[in-house]
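I have placed the structure first, in the form of structure tokens, so that the comments after it can refer back to it.
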Amino acid sequence: MTFIPKPKLLRNDAPRNALGFTSRDYEGAISTLCAGCGHDSISAAIVQSAFDLAIEPHRVAKLSGIGCSSKTPDYFLGASHGFNSVHGRMPSVLTGAALANRELIYLGVSGDGDSASIGIGQFAHAMRRGVAMVYIVENNGVYGLTKGQFSATADKGSKSKRGVENSDSPIDLVMLALQLGATYVARSFSGDKDQLVPLIKGALRHGGPAFIDVVSPCVAFNNHAGSTKSYDYVRNHNLAVNKLDIIEGRPPITADYGPGEVRDVPQHDGSILRLRKLSADYEPTQRLAAMTVLQEHQAKGEVVTGLLYVDGAAEDLHRHLHTVKVPLNRLAEAELCPGSKALAELNASLR
Ligand SMILES: Cc1ncc(C[n+]2csc(CCOP(=O)(O)OP(=O)(O)O)c2C)c(N)n1
Ligand code: SF4
Ligand SMILES: [Mg+2]
């Protein structure tokens, strides 16, 4: 993989967060993606989110698969842990890492090919098991890295750059994430930083399986007329159901929820997701309602964006498995060896 280090030139007046870091401290190497690629905007949104939340870079583990999208962790959070896995295998590698060390924040970055084609089984099981992670799919409807074949998220009837029509039905990862039990589900657009940054911040604070599908145009192979993942198409068909703000470090506030009003959803870590409702018929805490709204608007060719579902009382895999509270590498012999009496009892129970 090409690696171009970024020179560190700092202005004295650069804004600093609560840890004293500048946003430059959350950047990575220079991107080698095509100029105008939507994926670079998502990297910028991740940098801003981590800076705004004053996350310690060494507390983040970023993992990916293979693809232009999966190259991007090189371009943000340069001081964080990183692992670039095999095509479609990010979720299982991340699950293993998360089980070994529950103290890190896990950020999985993937592509629509990586997650909806070769890695669909991996995606499904990470969601259904409730792995506490932020799972971002940078969705351009094509295999960008291998030069523009339709991916499994390409809409039926959409056209390739050469004019070939896609005859297969699309997989909607947002619908799947909802059905499989993800407790924070959102869709956004790489060209809408104002919407995307709060969604990523909310996901980083969520503490359960958080999935964000970001439509991210591929300027080289899927930004033409006839594509439903182009900048023009998404701008013209984007239906934002809500706007999100994150409020940290305050006691939970509850508010009534009416059409066009505001609702505060407390998360397990005490942060508050403040949702400003844009669409009168949208209810973000009802899984079934979210699925219905998605399908209704999809049939009209609209791309529904915003926080589509959230469960403030999210659980994760550690809770389901009753795992130890400390990272495995900190367990000493006393915790790891149960002693001969416990072993004898275990053996007896199996006879
Ligand atoms: C096991 C395996 N099969 C196939 C490939 C070839 N390959 C590399 S990237 C890719 C698709 C990437 O598409 P996507 O995940 O959508 O990422 P994008 O480049 O569009 O961001 C494929 C099929 C591979 N590297 N490894
Ligand atoms: S080929 Fe497409 S996805 Fe890959 S870097 Fe270029 S614009 Fe981005
Ligand atoms: Mg892709």
Side-chain angles (χ1 to χ4, degrees), residues 1-4 28-46 62-76 82-94 107-124 126-127 135-156 158-162 164 166 168 170-174 176-177 187-191 196 211-235 303:
M1 197 181 285
T2 324
F3 178 86
I4 310 172
I30 290 177
S31 171
T32 57
L33 302 185
C34 308
C37 176
H39 299 351
D40 279 334
S41 308
I42 302 172
S43 297
I46 293 171
K62 43 177 188 162
L63 293 95
S64 62
I66 300 288
C68 299
S69 35
S70 292
K71 284 171 70 178
T72 64
D74 214 16
Y75 314 139
F76 57 78
F83 193 85
N84 185 220
S85 76
V86 182
H87 197 23
R89 270 54 170 191
M90 173 276 286
S92 56
V93 178
L94 187 148
L107 173 58
V109 175
S110 179
D112 42 310
D114 201 59
S115 280
S117 296
I118 193 168
I120 186 125
Q122 298 250 328
F123 162 79
M127 292 294 105
Y135 193 138
I136 295 179
V137 166
E138 306 192 341
N139 187 354
N140 52 20
V142 289
Y143 298 167
L145 191 72
T146 53
K147 304 213 176 297
Q149 303 86 350
F150 285 125
S151 80
T153 66
D155 286 311
K156 192 172 186 170
S158 62
K159 290 206 173 119
S160 73
K161 201 173 171 183
R162 289 181 173 180
V164 179
N166 180 32
D168 297 336
I171 290 175
D172 184 341
L173 291 171
V174 163
L176 271 183
R187 175 170 278 140
S188 191
F189 173 43
S190 62
L196 182 56
F211 177 70
I212 311 179
D213 180 59
V214 188
V215 183
S216 175
C218 168
V219 289
F221 300 109
N222 206 11
N223 197 33
H224 47 270
S227 159
T228 58
K229 302 275 191 286
S230 65
Y231 282 108
D232 282 350
Y233 186 91
V234 183
R235 278 193 193 114
V303 185

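First listed ligand is number 1; within each ligand, the first listed atom is number 1. Index from 1, following the sequence.
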[X] to ligand 1: N or O pair under 3.5 Å?
| X | value |
| --- | --- |
| Gly113 | yes |
| Asp112 | yes |
| Cys68 | yes |
| His39 | yes |
| Asp114 | yes |

Using a 4.0 Å heavy-atom cut-off, say whether Asn222 meets ligand 2 through its side chain, its backbone, both or neither.
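The answer is neither; Asn222 stays 4.0 Å or more away.
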For ligand 2, indicate whether the residue His39 contacts it via side chain, backbone, both or neither (heavy-atom separation under 4.0 Å).
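It is the side chain that touches ligand 2; the backbone stays farther off.
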Protein contact of atom 6 (Fe) of ligand 2 - nearest heavy atom, named by residue and atom, plus distance
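That would be Cys34 SG, 2.3 Å.
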Main-chain N/O of Gly28 paired to Asp74 side chain as donor or acceptor, under 3.5 Å
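Checked: no pair found.
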At less than 2.8 Å, would any N/O/S atom of Cys218, backbone or side chain, sit next to atom 2 (Fe) of ligand 2?
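Under 2.8 Å: Cys218 contacts atom 2 (Fe) of ligand 2 through an N, O or S atom.
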Have a look at ligand 1 and work out which part of Leu145, if any, has a heavy atom under 4.0 Å from it: side chain, backbone, both or neither.
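The answer is both, backbone and side chain.
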At less than 4.0 angstrom from any non-hydrogen atom of Val142, what atoms of ligand 1 do you find?
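In order of numbering, the contacting atoms are 16 (O), 20 (O).
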Quiz question: by atom type and distance under 3.5 Å, do the side chains of Asn140 and Asn222 form a donor-acceptor pair?
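On atom types as modelled, these side chains do not qualify, holding no pair under 3.5 Å.
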Name of whichever N/O/S atom of Asp112 is nearest to the Mg ion (ligand 3):
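For Asp112, the N, O or S atom at the smallest distance from the Mg ion (ligand 3) is OD1.
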Closest approach of Ser110 and Met90, non-hydrogen atoms and distance?
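Looking at all heavy atoms of both residues, the closest pair is CB-CE, 4.0 Å.
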Of all the atoms in Cys37, is at least one N, O or S atom closer to atom 4 (Fe) of ligand 2 than 2.8 Å?
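Looking at Cys37, which is the residue asked about, there is no N, O or S atom under 2.8 Å from atom 4 (Fe) of ligand 2.
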